[in-house]
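As the structure is a computational prediction, the values presented were derived from the model and not from experiment. Excluded from the calculations below are hydrogen atoms, water molecules and symmetry mates; all remaining heavy atoms, backbone and side chain alike, are included.
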Amino acid sequence: MGMRFSVLASGSTGNAVYVETEEHSFLVDAGLSGKQMEALFAHIGRDMDKLSGLLVTHEHSDHIKGVGVVARKYKLPIYANEKTWNAMNGLIGEIPTEQKFTFDMESVKSFGSLDIESFGVSHDAAEPMFYIFHHAGKKLVLVTDTGYVSDRMKGIIANADMFVFESNHDVQMLRMGRYPWNIKRRILSDVGHVSNEDAAIAMSDVIGDQTKRIYLAHLSLDNNMKDLAKMSVTQTLQSQGIIVGEQVELFDTDPKIPTALTAV
């Protein structure tokens with residue numbers, strides 16, 4: 001079977017990604033209610049009671065809304081770094097000590113034949129980090145919620161088979177939109193979210209011979225559209241000499257509808 005995954009939900013209303021191998025399965029973030037999470041799992045034909053654990057990227061509500069409920073109901077181990085654990089205090093309710101695990105930034109945890117690697121991103125949270133899944137020579141990278149993609153990050157995530165990559169906003173839509181200026185400034189900052197064009201420029205530096213698919217993730221409901229994101233990323237990649245549809249394929253994600261369970 002190898003490694004398979006689904007972006008269950010992606011966007012400012014809630015985020016969750018499911019990853020499985022023959023032996024283990026993990027949920028990355030649970031940014032929707034417990035009932036919504038169960039419905040998303042049913043959509044892809046999986047049961048939450050089979051999960052091996054829940055990995056948390058950072059403490060923003062669109063990533064942890066359902067963490068406490070899901071973890072308590074299914075008795076799941078939760079993995080997060082110490083600063084994120086401290087920041088989640090009071091936000092996810094009481095978690096039994098035996099379900100709380102520390103996953104340090106820039107480290108690797110192994111679960112049988114699956115290695116999960118954490119790396120830091122640039123976002124206005126306590127210690128935000130995302131994850132790379134390594135299994136049977138395949139590499140799946142999740143990277144959203146970052147104001148920019150540093151050279152250090154590029155070195156860590158380069159040449160994945162598949163990326164779930166932030167493509168948050170169109171800069172003109174954001175500048176002209178209804179958000180107050182302080183929110184616009186936050187999104188545009190180095191600890192905000194990457195735009196379509198900036199995402200594509202970063203992608204052009206990390207796409208390698210192994211790379212087959214990129215899922216455009218965490219699109220803003222107000223400041224982006226699926227077609228616009230895909231067009232902007234396609235044009236920018238092609239300006240960098242990467243032909244979409246030949247070298248790599250782009251896929252949408254959705255705030256409410258999971259992507260098909262896909263082999264990496």
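- With no hydrogens or angles considered, a side-chain donor-acceptor pair links N224 and N196 at under 3.5 Å.
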Under 3.5 Å donor-acceptor pairs involving side-chain atoms of residues 95-104, not counting sequence neighbours:
residue	atom	partner	partner atom	Å
Q99	NE2	A71	O	2.9
Q99	NE2	L76	O	2.9

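- Side-chain contact between N15 and T144 is absent, with no heavy atoms from C-beta onward closer than 4.5 Å.
- Cluster partners of V171, using a side-chain heavy-atom cutoff of under 4.5 Å among ILVMFWY residues and allowing indirect links, are L174, Y179, I183, I187, L188.
- Looking only at atom types and distance, the side chain of H58 has no donor-acceptor partner in the side chain of E127 under 3.5 Å away.
- Taking the charged nitrogens against the carboxylate oxygens, K230 and D252 do have a contact shorter than 4.0 Å, which makes a salt bridge.
- Heavy-atom neighbours of N182 CG from other residues, nucleotides or ligands within 6.0 Å: above the threshold of 12.
- Below 30°, between 30° and 60°, or above 60°: for Y131 and F133 the angle between ring planes is between 30° and 60°, a tilted geometry.
- Between the side chains of T57 and D29, at least one donor N or O lies within less than 3.5 Å of an accepting N or O.
- Atom NZ of K226 sits in a crowded spot, with more than 12 heavy atoms from other residues, nucleotides or ligands closer than 6.0 Å.
- Looking only at distances, a side-chain donor or acceptor of E166 sits under 3.5 Å from a matching main-chain atom of V194.
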Exercise for review: Go through L219 and N168 one step at a time and tell me if the side-chain contact (heavy atoms from CB on, under 4.5 Å) criterion holds.
Suggested key: CA-CA 4 Å; L219 272 67; N168 178 254; over 6 Å; no

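- Separation of the Y79 and F111 ring centroids falls under the 6.0 Å cut-off.
- Between H218 and H63, the distance from one ring center to the other falls under 6.0 angstrom.
- A salt bridge between E20 and R46 is present, with a side-chain N of the basic residue lying under 4.0 Å from a carboxylate O of the acidic one.
- Using a cut-off of 4.0 Å between Lys/Arg side-chain N and Asp/Glu carboxylate O, E117 and K139 are scored as not salt-bridged.
- The shortest side-chain heavy-atom distance between V108 and I116 does not fall under the 4.5 Å cut-off.
- Checked by atom type, the side-chain pair S110/D115 shows a donor-acceptor distance below 3.5 Å.
- Using a 4.0 Å cut-off between charged nitrogen and carboxylate oxygen, E249 and R213 do not count as a salt-bridge pair.
- Annotation for E82: atom CD does not count as buried by contact number, only 12 or fewer foreign heavy atoms lying within 6.0 Å.
- Outside the 6.0 Å centre-distance limit, the rings of F5 and Y18 are not counted as a close aromatic pair.
- Side-chain contact check for T146 versus H193: every heavy-atom pair is 4.5 Å or farther apart.
- In this structure, R152 pairs ionically with E106, as a charged nitrogen and a carboxylate oxygen lie closer than 4.0 Å.
- The cluster map of Ile, Leu, Val, Met, Phe, Trp and Tyr, joined by side-chain heavy atoms under 4.5 Å apart, puts V70 and I78 in the same cluster.
- Hydrophobic clustering places F165 together with I242 (ILVMFWY residues linked when any side-chain heavy atoms are closer than 4.5 Å, directly or through intermediates).
- By the 6.0 Å contact criterion, NZ on K73 is open, its count of non-hydrogen atoms from other residues, nucleotides or ligands being 12 or less.
- There is a path of hydrophobic side-chain contacts, each under 4.5 Å, that joins L54 to Y74.
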